[in-house]
Amino acid sequence: MEGKACHAQIIYVGLQTDVLTSNMLINMYAKCGLVDCARKVFDKMPERSLVSWNTMIGSLAQNGEEQEALTLFIGMQREGTTCSEFTVSSVLCACAAKCAMFECKQLHAFAIKAATDLNVFVGTALLRWYVQNELYEEALVLFHKAQMMGLEQNQFTISSTICACAGLAALIEGNQVHAVLRKTGLGSNIYVASSLIDMYAKCGCIGEAYIVFHSMEERSIVFWNAMISGFARHAHSLEVMILFEKMQQMSMYPNEVTYIAVLSACSHMGLVEKGQKYFNLMIKEHSLSPNVLHYSCMVDIFGRAGQIHEAYEMIKNMPFHATASIWGSLLSSCRVYGNLELAEVAAKQLFVLEPNNAGNHILLSNVYAANKKWEEVAKSRKLLKESEVKKERGKSWIEIKDKVHSFMVGERNHPKIAEIYSKLDHLVEELEKLDYKAETAHDLHYVEEGRKQELLRHHSEKLALTFGLMCLPSNAPIRIMKNLRICGDCHSFMKLASSFTGREIIVRDTNRFHHFRNGCCSCGDFW
DNA sequence: TTAGGGTTAG
């Protein structure tokens with residue numbers, strides 16, 4: 001109100017035409033959240049300076065009016081006003097919030113042309129934009145470029161970069177950033193430390209994540225959640241529960257994110273009663289309203305444990321429309337337990353919600369096959385073949401030195417592919433001596449048995465494993481990332497391979513880790 | 001007279 005009174009006084013004495021005063025007024029209104037008042041002052045200005053434009057664009061960007069900020073920026077260009085690093089960083093923030101990829105890419109080029117890309121504000125906004133839009137590789141390229149040019153790194157650029165490494169599960173890159181932290185001391189920042197825990201957990205190094213967790217005295221809720229989510233991702237349910245208790249002893253109370261981690265740990269381990277206990281605790285003890293993700297966890301908990309009807313009841317009674325992910329979880333459970341009736345219910349919903357997801361058709365045909373409904377299997381396969389729907393191809397990747405090696409199922413292009421196949425054949429022979437038999441039961445391609453076995457043998461994670469065995473030192477764990485869920489055959493194969501080679505093998509599939517050691521998997525064969 | 005930012009989610 002003081003500002004408004006002051007504005008009235010300025011108008012009274014006739015100072016409103018002064019550019020400097022108007023700029024200050026725009027700024028004052030924007031800081032008070034009165035962006036409309038700021039805009040009125042801006043619109044009435046007979047002439048505007050660069051600062052007027054910058055202040056107005058920045059105000060709009062910060063007050064959630066991103067589209068208007070972009071429109072004004074275009075207007076500024078049309079008027080021929082040269083922009084500065086202030087303009088570029090504000091407009092970049094607006095683009096990142098809007099996820100306007102095209103504008104952002106144009107703006108990046110614009111920033112380079114206007115020689116503003118070396119400005120720390122501009123660089124930070126660019127990095128943030130890339131990470132927010134999951135363009136992690138671009139983010140890392142930018143970070144390396146900044147490093148080569150000797151530009152300043154700060155806690156903001158570093159936490160975004162670590163987030164990019166986490167998104168790519170790029171451990172070697174992540175380790176390099178960690179080394180920068182050790183030199184600069186930026187690792188003691190709570191945001192940086194939280195993203196570091198997340199990065200190590202997502203790269204399969206849960207022990208490293210815990211070392212970071214243990215080293216910090218300051219602990220925020222996000223920091224606790226990052227560690228608990230990491231343990232959940234690795235199916236270390238006991239550690240999840242211990243930390244859940246410990247945080248409360250230290251007067252830090254769980255929030256919605258904590259409960260998602262706790263419930264997902266229960267689902268990965270088949271802990272139905274514990275899951276129900278936590279779900280009730282969340283509502284009654286901590287007064288939190290479960291969101292669609294919590295319900296999704298509960299459907300998963302019941303479904304994975306074979307309580308398909310309870311899972312379906314949960315869906316029917318929840319206060320939200322079920323998402324594709326929830327119906328997908330039910331359909332997967334139906335496949336595992338051969339429940340045809342509910343598989344058809346789930347599939348019907350999924351075909352509407354995800355018409356382009358071939359996996360749903362395949363799951364349904366698997367349930368038909370498990371129930372020996374061969375006519376329906378054929379119909380379902382025909383439908384899939386006729387539609388435009390394509391199944392996502394299996395892909396695995398592994399980091400060796402500073403390079404990511406990627407393998408598709410039946411890979412032909414890798415430079416060492418001949419040697420890989422030959423070594424893999426040899427490994428299969430050795431494992432067959434330990435009673436390994438290719439499990440083709442769930443692989444329902446209409447192909448003859450020999451060909452089925454060949455397809456299974458060339459699953460991408462087996463190729464990545466073989467390449468890891470060829471290239472990595474004998475004591476190094478082999479970390480493999482995969483874009484789909486690991487199949488039953490590869491799971492058995494990895495267990496035997498860990499025993500035969502004496503190696504630790506870590507496989508991350510769509511949303512969790514499997515640690516294979518001495519012939520066993522951390523998931524206890526429940527996933 | 002003008003700038004902001006980063007972390008956790010079945």
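Lettering of chains follows the sequences in order, A, B, ..., and the numbering in each one begins at 1. What's counted below: heavy atoms across the whole structure, side chains too, no hydrogens, waters or symmetry copies.
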Open item on the list: By a 5.5 angstrom centroid cut-off and a 30 degree plane limit, is there stacking between A/Phe121 and B/dA3?
Closed with: yes

- [ ] Ignoring hydrogens and angles, tell me if any N or O in the side chain of A/Ser237 forms a donor-acceptor pair with the backbone of A/Cys266 under 3.5 Å.
- [x] no

TODO: Select one nucleotide: of B/dT8, B/dG5, B/dA3, the one nearest the side-chain heavy atoms of A/Ala226.
DONE: B/dT8

Task: Closest to side chain of A/Val51, choosing from B/dA9, B/dT7, B/dT1 - done: B/dT1

Open item on the list: Regarding B/dA9, can its base be found pairing with the side chain of A/Ser229 as donor and acceptor, where the two atoms are less than 3.5 Å apart?
Closed with: no

TODO: Mind listing the residues from residues 305-319 of chain A sitting with a heavy atom below 4.0 Å of DNA chain B? Number order is fine.
DONE: none

TODO: May I ask you to check whether A/Phe42 and A/Trp53 place their ring centers less than 6.0 Å from one another?
DONE: yes

- [ ] Determine if A/Phe86 stacks with B/dT2; use a centre-to-centre distance below 5.5 Å and an interplanar angle below 30° as the criteria.
- [x] yes

Open item on the list: For a quick test of reading the model: is some side-chain N or O of A/Arg128 closer than 4.0 Å to OP1 or OP2 of B/dG6?
Closed with: yes

- [ ] Hey, can you tell me if A/Tyr278 and A/Phe244 have their rings parallel, tilted or perpendicular (30° and 60° cut-offs)?
- [x] perpendicular

Task: Pairing residues for A/Tyr200 by the side-chain hydrogen bond (donor to acceptor under 3.5 Å, both in side chains) criterion, not counting sequence neighbours - done: A/Asn175, A/His178

Task: Nearest listed nucleotide, side chain of A/Met24, among B/dT1, B/dG6, B/dG5 - done: B/dT1

Task: Whole-Å gap separating C1' (B/dA9) and CH2 (A/Trp224) - done: 18 Å

Task: Nucleotide B/dT8, atom P - distance to CE of A/Met252 in whole Å - done: 16 Å

Task: Cation-pi, A/Phe213 ring and A/Arg219 (6.0 angstrom, 45 degrees) - done: yes

- [ ] Would you please confirm or rule out a distance under 4.0 Å between OP1 or OP2 of B/dA9 and any side-chain N or O of A/Arg233?
- [x] yes

- [ ] Indicate, with a heavy-atom threshold strictly under 4.0 Å, whether A/Ser160 touches base, sugar-phosphate, or nothing.
- [x] sugar-phosphate

Task: A/Asn189 CG to B/dT8 P, straight-line distance once rounded to whole Å - done: 13 Å

TODO: Let me know the distance between CD of A/Gln132 and C1' of B/dG6, rounded to the nearest Å.
DONE: 10 Å

Open item on the list: Strictly below 4.0 Å: does A/Lys202 bring a side-chain N or O up to OP1 or OP2 of B/dT7?
Closed with: no

TODO: Taking salt bridge (Lys or Arg N to Asp or Glu O under 4.0 Å) as the test, write out the residues that go with A/Arg508, two or more places apart.
DONE: none

Task: Distance, rounded to the nearest Å, where A/Tyr259 contributes OH and B/dA9 contributes P - done: 18 Å

- [ ] Please evaluate the base of B/dG6 for a donor-acceptor partner in the side chain of A/Asn154 within a cut-off of under 3.5 Å?
- [x] no

- [ ] Assign A/Ser195 to base, sugar-phosphate, or nothing according to its heavy-atom contacts below 4.0 angstrom with the strands shown.
- [x] sugar-phosphate

Open item on the list: Rounded to whole Å, how long is the line connecting atom CD1 of A/Ile197 with atom P of B/dA9?
Closed with: 12 Å

TODO: Report the nucleotide, chosen from B/dT1, B/dA3, B/dT7, that has the shortest atom-to-atom distance to any side-chain atom of A/Tyr191.
DONE: B/dT7

Task: Between B/dA3 (P) and A/Leu50 (CG): distance, integer Å - done: 13 Å

- [ ] With ring pair (Phe, Tyr, Trp, His ring centres under 6.0 Å) as the test, would you mind laying out the steps for A/His361 and A/Phe351 before giving the verdict?
- [x] CA-CA 8 Å; A/His361 288 271; A/Phe351 294 158; 4.2 Å; yes

- [ ] For B/dT1, take OP1 and OP2 only and decide whether either is under 4.0 Å from a side-chain N or O of A/Lys31.
- [x] no

TODO: For A/Leu181 and B/dT7, give me the distance from atom CG to atom C1', rounded to whole Å.
DONE: 13 Å

TODO: Determine, step by step, whether A/Tyr295 and A/Phe279 satisfy the ring pair (Phe, Tyr, Trp, His ring centres under 6.0 Å) criterion, reporting the C-alpha distance in whole Å, the side-chain angles of both residues, the deciding distance to 0.1 Å, and the verdict.
DONE: CA-CA 9 Å; A/Tyr295 278 98; A/Phe279 191 72; 5.4 Å; yes

TODO: Determine the contact category for A/Val120: base if any of its heavy atoms lies under 4.0 Å from a base atom, sugar-phosphate if only primed atoms, P, OP1 or OP2 are that close, otherwise nothing.
DONE: base

